[in-house]
Structure formats: structure tokens, C-alpha cells
Amino acid sequence: MGRHCTELSVVLKIGDVKEDSPADLDQLATWLLGHTERITFGRIFEEGDDLLVEAVLQVACRYYDRGARGARCTAHGYSTRKAPGTSPPPRDRKLSDERFEVVTDRRLAEQSLRRPARSLRVLSAPEANPCHGAPCRTADHTRGAACCRDLVVAMRIPERARHREALVRSRRSPYLCKVDRTGPTTLEAEVISACSFLEDDAISCALHDRVRPSGRVAKPWLCTRWPKGAETTHPGCRLVEGN
């Protein structure tokens, strides 16, 4: 029994340093590092052609059973009176009304993200935002802003690391599921980990309509590019015809 029963240290891919521009890498990293509900992020670094980040997935093993007197593994029969410690609280990237943690020049940093003096707050009102009141939901039955609550991550785990791959595949579903090997060094999986840029109504985005000091849009472009393919949509999505 150990930390691997309740969490898992991994390396996640942010983007490709040859194919993605520096500005796009910052956007990709800001998007990924925003999903802090069940992911704790560490050092951002470059290896080969990849920009990577150290992370801890705060998802327990499906065989982990914790009770009042300790914890046990229902698969192998191990037990301990001292259960592994609890996960740290999710990191909030919203520091104040104007201050946020975003990635700039491949480093997570605090920045003031302002709203232009003249702008159209397209998604500021419930009647203007199609996601307000939508019955979309993630696989854990949490309703609302489903596309901001789960994500697909690419983990750097080589084929020879069978033990680590087995640990990933044994995580508790649906919080980590749909594990698929997409290459000799890459595992992909879907993780339910809400974005910390969500506003208090759990629907609106705090980055919407804000700009960086450089003048670039603060909201990552992934958040406004609608995914292709029916398999990427959530049940009850209002943007899908028929819902």
C-alpha cells in the first residue's frame, strides 16, 4: 500500500515545439494546467520535440478501499492501518478579479488579464450563453459545462514500462478511463478534472473576453474551437443538433 493507490505521478505532453508556435504552446499549456480539480501540475520542461509537464493524477486505484480503520487492496489483499494521505485541494488559477495564473514563455506566472474598455460580452448573460441551462453532463453525472470538466491527456509512458501502464489502467472509472496506447511512448486517457477558470456559476469562463499584457486573447483557442466528430460530444450538449 502506498501513494500509487490514491494518486499517480506522470509526465503529460503539452505540445510539439517544432509544429506549434511559442504563443500556441503558451495557450496549450494554459488550457492544460487550468484543469486542476484532479490534476496537480509541476515543472514544465522540453524533451526532444515535445513540451512536457510533470503532473500527479489525483485518481485512486479502482481496487483501493478506505475505511475507518485504514485501507486495503481488494485485488491483492494488502492492508494498512495508516491510509495514504488525502489529496491537496485543487489549485485555483483565479487569484482575484484581475489576477490569474497563466503560462507565459513556457512558465506558469501570475498576470493581470484585463478586459478591453469596449467589448461585446457575448457570453456574460445567461440568455446569450448557449451552455447556461444545458443538460450536458460528464460521465460522473455532473451537469453543466461538461466540455470544461473533462479532457484527454497524453502521458509519456513507454511500452516497456508495463507496471506503470497497468497502474494507469487500474484507475477508478470514470474519473480516469478510455486508456489507449497511441504510440510506443504514449498513452492517452480521458480524465474528469474541471477547469479552475470556471466562474462561480460553474458555467461561465473567467478568461472570456480578457487579453494578456501582450494584447493576445487570454482564453485558449481550444476552448472556442468546436471538436469534430460525434464521439467528442457530451450527452445533452445544446450545440449538437437534436439536443
Side-chain angles (χ1 to χ4, degrees), residues 3-20 24-25 27-64 73-76 87 136-142 145-195 220-223 225-237 239-240:
R3 283 283 182 181
H4 62 279
C5 298
T6 58
E7 62 184 28
L8 203 58
S9 296
V10 295
V11 172
L12 303 180
K13 180 177 178 178
I14 295 173
D16 190 304
V17 297
K18 287 189 175 180
E19 295 183 2
D20 301 310
D24 281 344
L25 288 172
Q27 291 265 321
L28 290 166
T30 296
W31 171 82
L32 178 59
L33 273 66
H35 290 80
T36 60
E37 183 186 16
R38 292 186 178 86
I39 309 177
T40 302
F41 294 95
R43 177 177 62 104
I44 297 175
F45 64 101
E46 184 178 326
E47 187 174 288
D49 294 338
D50 295 330
L51 186 64
L52 308 167
V53 61
E54 296 173 344
V56 178
L57 306 177
Q58 308 290 350
V59 181
C61 176
R62 72 182 64 159
Y63 302 110
Y64 175 76
C73 173
T74 60
H76 301 287
S87 302
C136 62
R137 64 185 185 277
T138 44
D140 64 344
H141 306 298
T142 299
C147 60
C148 302
R149 296 183 179 280
D150 68 3
L151 68 160
V152 175
V153 297
M155 292 171 272
R156 175 69 68 86
I157 299 179
E159 290 177 325
R160 64 178 182 276
R162 296 181 180 179
H163 177 67
R164 293 192 60 77
E165 180 171 342
L167 287 175
V168 172
R169 292 184 180 276
S170 70
R171 295 299 100 180
R172 188 163 292 162
S173 179
Y175 303 104
L176 193 157
C177 61
K178 301 179 183 178
V179 181
D180 183 34
R181 177 159 291 282
T182 58
T185 62
T186 307
L187 277 183
E188 283 192 353
E190 183 176 313
V191 180
I192 296 179
S193 182
C195 181
W221 54 263
L222 279 80
C223 305
R225 180 176 296 180
W226 186 245
K228 297 180 180 179
E231 73 280 358
T232 61
T233 61
H234 296 89
C237 178
L239 300 179
V240 178

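Along the sequence shown, residues carry numbers from 1. The analysis underlying the following values was restricted to heavy atoms, covering all of them including side chains, and did not include hydrogens, waters or symmetry mates.
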Determine the minimum heavy-atom distance between [X] and [Y], stating which atoms define it.
X: His4; Y: Leu167; value: CD2-CD2, 4.1 Å
X: Thr30; Y: Pro220; value: CG2-CG, 4.2 Å
X: Glu37; Y: Ser193; value: N-OG, 3.1 Å
X: Ala146; Y: Cys136; value: N-SG, 3.6 Å
X: Pro174; Y: Cys177; value: O-SG, 3.6 Å
X: Val10; Y: Leu12; value: CG2-CD2, 3.7 Å

With the side chain counted from C-beta on, respond yes when [X] and [Y] share a heavy-atom pair under 4.5 Å apart, and no when they do not.
X: Lys13; Y: Leu32; answer: no
X: Ser9; Y: Glu54; answer: no
X: Leu222; Y: Gln27; answer: no
X: Tyr175; Y: Leu57; answer: no

Using 0.5 Å steps for rounding, measure from the [atom1] atom of [X] to the [atom2] atom of [Y].
X: Tyr63; Y: Thr74; atom1: OH; atom2: OG1; value: 7.5 Å
X: Ile192; Y: Ile39; atom1: CD1; atom2: CD1; value: 11.0 Å
X: Ile44; Y: Ile14; atom1: CD1; atom2: CD1; value: 4.5 Å
X: Thr185; Y: Leu187; atom1: OG1; atom2: CG; value: 9.5 Å
X: Leu8; Y: Gln58; atom1: CG; atom2: CD; value: 10.0 Å
X: Thr186; Y: Arg181; atom1: OG1; atom2: CZ; value: 7.5 Å

Under 3.5 Å, which donor-acceptor pairs do the side chains of residues 152-161 form with other protein atoms, sequence neighbours left out?
| residue | atom | partner | partner atom | Å |
| --- | --- | --- | --- | --- |
| Arg156 | NH1 | Glu47 | OE2 | 2.8 |
| Arg156 | NH2 | Asp50 | OD2 | 2.7 |

Give a yes or no answer on whether the side chain of [X] reaches the backbone of [Y] with a donor-acceptor pair at less than 3.5 Å.
X: His35; Y: Trp31; result: yes
X: Asp140; Y: Thr142; result: yes
X: Arg171; Y: Leu176; result: no

- Item | Pair Arg149-His234, side-chain contact (heavy atoms from CB on, under 4.5 Å): steps then yes or no | CA-CA 11 Å; Arg149 296 183 179 280; His234 296 89; over 6 Å; no
- salt bridge (charged side-chain N to carboxylate O under 4.0 Å, His left out) partners for Arg172, two or more places apart: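 Salt bridge (charged side-chain N to carboxylate O under 4.0 Å, His left out) check on Arg172 returns nothing, list empty.
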